[in-house]
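In what follows, a single structure is set out as structure tokens and then discussed.
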Amino acid sequence: MGMKHVKTVACTLCGKQYDPEQVVYTCDEHDGVAGILEVVYDYDVIRERFEATVGGPIPNQWKYRAFLPVNETAEIVTLNEGGTELFDAPRLSDALGVRTLIKDDGRNPTGCFKDRASSIAVTKAKHAGREIITCASTGNAAASLSGYAARGGLDCRIFVPGDAPAGKLAQPLVYDADVLAVDGSYDEAYDLSVAVTEQYGWYNRNAAINPFQIEGKRTVGHELADQSVARGEIPDWVVFSMGDGCTIAGAWKGLREFYELDFIETTPKMLGVQAAGAAAIHDAFYDHDTVDDVAETLADSIAVGRPRNTLKACRALEQSGGASVLVSDAEILDAEALLGRTEGVYAEPAGAAPVAGVRTAREQGIIDADETVVVVTTGFGLKDAESAQKAAGSVERIAPSIEDVDRRYGDEQ
Ligand SMILES: *Cc1c(COP(=O)(O)O)cnc(C)c1O
Ligand SMILES: [Zn+2]
């Protein structure tokens with residue numbers, strides 16, 4: 001037995017248990033991929049093995065290896081993901097009217113927090129002797145997985161919606177993945193990847209159905225708890241954008257674990273942010289009627305019509321005493337420009353959406369003026385330069401002459 005710290009893998013709907021040493025995806029008692037599985041740990045074993053100092057430095061996410069569902073003897077495939085800084089954002093705080101800190105996860109190796117999960121996916125696939133790994137993605141998971149597959153020497157075959165931003169389609173090609181741009185939505189690309197996994201037996205990294213992937217996303221929660229101890233204050237709110245909902249659920253699980261292990265005294269409330277045009281988790285959380293399958297937003301990373309992890313995401317919001325808000329594309333673009341202008345942080349639209357969410361939550365009285373907020377910017381701006389231009393405008397063209405500069409700045413002299 002190589003994973004003594006993993007007790008079992010259990011269905012979130014019916015509780016049926018599966019062997020954690022096997023490659024399992026969803027519970028076979030339910031239709032399609034409804035039976036999402038949850039990894040259950042033995043915290044006595046974890047406590048014994050976790051020797052790092054909470055509140056100390058975080059070189060990368062493998063500080064929390066004792067918590068991660070990988071075999072003790074597995075050779076880790078890493079690009080040094082995680083360990084992203086949590087820092088004060090005074091100018092952004094002024095603009096939002098509430099004390100705000102940034103955890104910039106766009107600084108991960110492939111430009112997105114999904115590297116936390118990809119590192120685990122490739123580590124596990126390799127340890128299981130698999131040679132081909134696949135996923136469906138709105139763009140970032142594909143780019144991320146491709147990078148880690150290259151690092152680990154695995155073959156990577158990915159399914160993305162054909163209209164993903166150019167930057168996200170180019171990146172996996174550089175990592176030498178097969179990029180299959182599906183003529184259809186993310187949801188259709190997703191279904192196809194599941195069918196392919198069943199037919200060809202490739203290792204599937206889709207976070208929502210691969211119960212181990214979401215576990216990597218816990219490390220952003222571990223880090224937030226760890227950094228809160230170092231700073232001597234726990235934020236009132238932690239804000240994530242939501243697509244499939246795996247990220248916010250994983251982050252919450254990490255925070256809750258550190259609370260239950262007495263590393264932190266309280267937990268923050270989770271604020272989930274969705275685009276108004278792709279609002280299924282928000283609608284489920286507030287029992288609104290859901291318009292199925294609609295995903296209309298330029299924030300492509302959260303353009304998900306049928307989120308695969310609504311249940312886990314809603315539990316995170318509920319258990320943390322949190323809330324959910326919707327933001328428009330115009331608000332997301334404003335937030336992208338605001339982040340760049342006030343703090344020098346360049347985020348892609350889904351990465352900036354939490355900032356728009358804070359503004360909305362302040363307006364709706366969800367976040368109080370005297371509270372402290374952490375926005376997690378999940379993806380780097382260069383991934384989607386086209387949206388950035390929509391957010392920040394275009395360049396001024398001038399002749400190579402001092403007169404043109406004078407026309408612009410002469411009055412300042
Ligand atoms: C994937 C992604 C999200 C959403 O994560 P989910 O787990 O799908 O909710 C948010 N931001 C960025 C940049 C992403 O790539
Ligand atoms: Zn089940």
Side-chain angles (χ1 to χ4, degrees), residues 9-18 24-38 104-108 110-118 135-145 160 164-165 167-168 171 186-187 190 205-211 213-214 216-218 220 239-252 270 272-275 278 280-282 295 297 299-314 316-317 324 332 336 346-355 357 375-384 387:
V9 175
C11 175
T12 50
L13 291 179
C14 73
K16 183 171 172 182
Q17 301 197 2
Y18 293 83
V24 282
Y25 297 113
T26 49
C27 179
D28 51 23
E29 302 288 325
H30 318 277
D31 282 343
V33 296
I36 300 289
L37 302 178
E38 167 100 46
D104 186 10
D105 248 44
R107 296 185 197 185
N108 273 298
T110 77
C112 173
F113 75 95
K114 288 190 167 76
D115 292 348
R116 297 174 182 276
S118 297
C135 77
S137 163
T138 56
N140 280 335
S144 175
L145 185 66
V160 293
K168 293 185 184 177
Q171 195 178 357
Y186 166 62
D187 297 285
Y190 192 99
R205 171 244 183 262
N206 286 349
I209 62 157
N210 184 324
Q213 295 329 299
I214 195 168
K217 298 181 174 180
R218 282 144 75 228
V220 72
V239 192
F240 281 95
S241 57
M242 303 189 293
D244 272 318
C246 315
T247 307
I248 198 163
W252 168 244
M270 307 301 281
V273 183
Q274 283 196 296
I281 298 174
H282 177 88
T297 170
D300 62 288
S301 298
I302 52 172
V304 180
R306 274 180 284 131
R308 311 303 178 299
N309 244 314
T310 302
L311 183 65
K312 280 186 186 173
C314 287
L317 300 176
S324 160
I332 290 173
E336 180 170 344
Y346 184 18
E348 66 164 272
V355 172
V375 290
V376 183
T377 50
T378 41
F380 187 47
L382 277 179
K383 296 246 185 195
D384 182 4
S387 292

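From a predicted model like this one, the values you see are computed outputs, not experimental measurements. Whatever order the structure lists ligands and atoms in, that order sets their numbers, starting from 1.
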Side chains of Glu336 and Ser387: is there a donor and an acceptor less than 3.5 Å apart?
no
Under 3.5 Å, side chain of Asp384 to main-chain N/O of Glu348, donor-acceptor pair present?
no
So does Asn140 get a backbone contact from the side chain of Ser144, meaning a donor-acceptor N/O pair under 3.5 Å?
no
Proximal ligand 1 atoms for Glu348, defined as those under 4.0 Å from one of its heavy atoms
13 (C)
For Cys112, the atoms of ligand 1 under 4.0 Å from one of its heavy atoms are 15 (O)
Under 4.0 Å from a heavy atom of Lys114: give me the atoms of ligand 1 that qualify, with their elements.
1 (C), 2 (C), 3 (C), 14 (C), 15 (O)
Under 4.0 Å from a heavy atom of Gly245: give me the atoms of ligand 1 that qualify, with their elements.
6 (P), 7 (O), 8 (O), 9 (O)
Numbered in order shown, the ligand 1 atoms found under 4.0 Å of a heavy atom of Asn140 are 13 (C), 14 (C), 15 (O)
Ligand 1 versus Phe240: contacting region, heavy-atom distance under 4.0 Å:
neither
Taking only heavy atoms of Lys217 into account, list the atoms of ligand 1 that are under 4.0 Å away from them.
7 (O)
Near the Zn ion (ligand 2), protein N/O/S count under 2.8 Å comes to 4
Atom indices of ligand 1, in the order listed, that fall short of 4.0 Å to a heavy atom of Thr378
10 (C), 11 (N), 12 (C), 13 (C)
Does only the side chain of Cys246 get under 4.0 Å from ligand 1, or the backbone, or both, or neither? Count heavy atoms.
both
A student comparing Ala303, Ala353, Ser241 should find that the heavy atom closest to atom 10 (C) of ligand 1 comes from Ser241
With a cut-off of 4.0 Å, which atoms of ligand 1 are near a heavy atom of Met242?
9 (O)
Given Thr12, which of Thr26, Leu37, Asn309, Leu311 fulfils the side-chain contact (heavy atoms from CB on, under 4.5 Å) condition?
Leu311
Is atom CG of Asp28 surrounded by more than 12 heavy atoms (other residues, nucleotides or ligands) closer than 6.0 Å?
yes
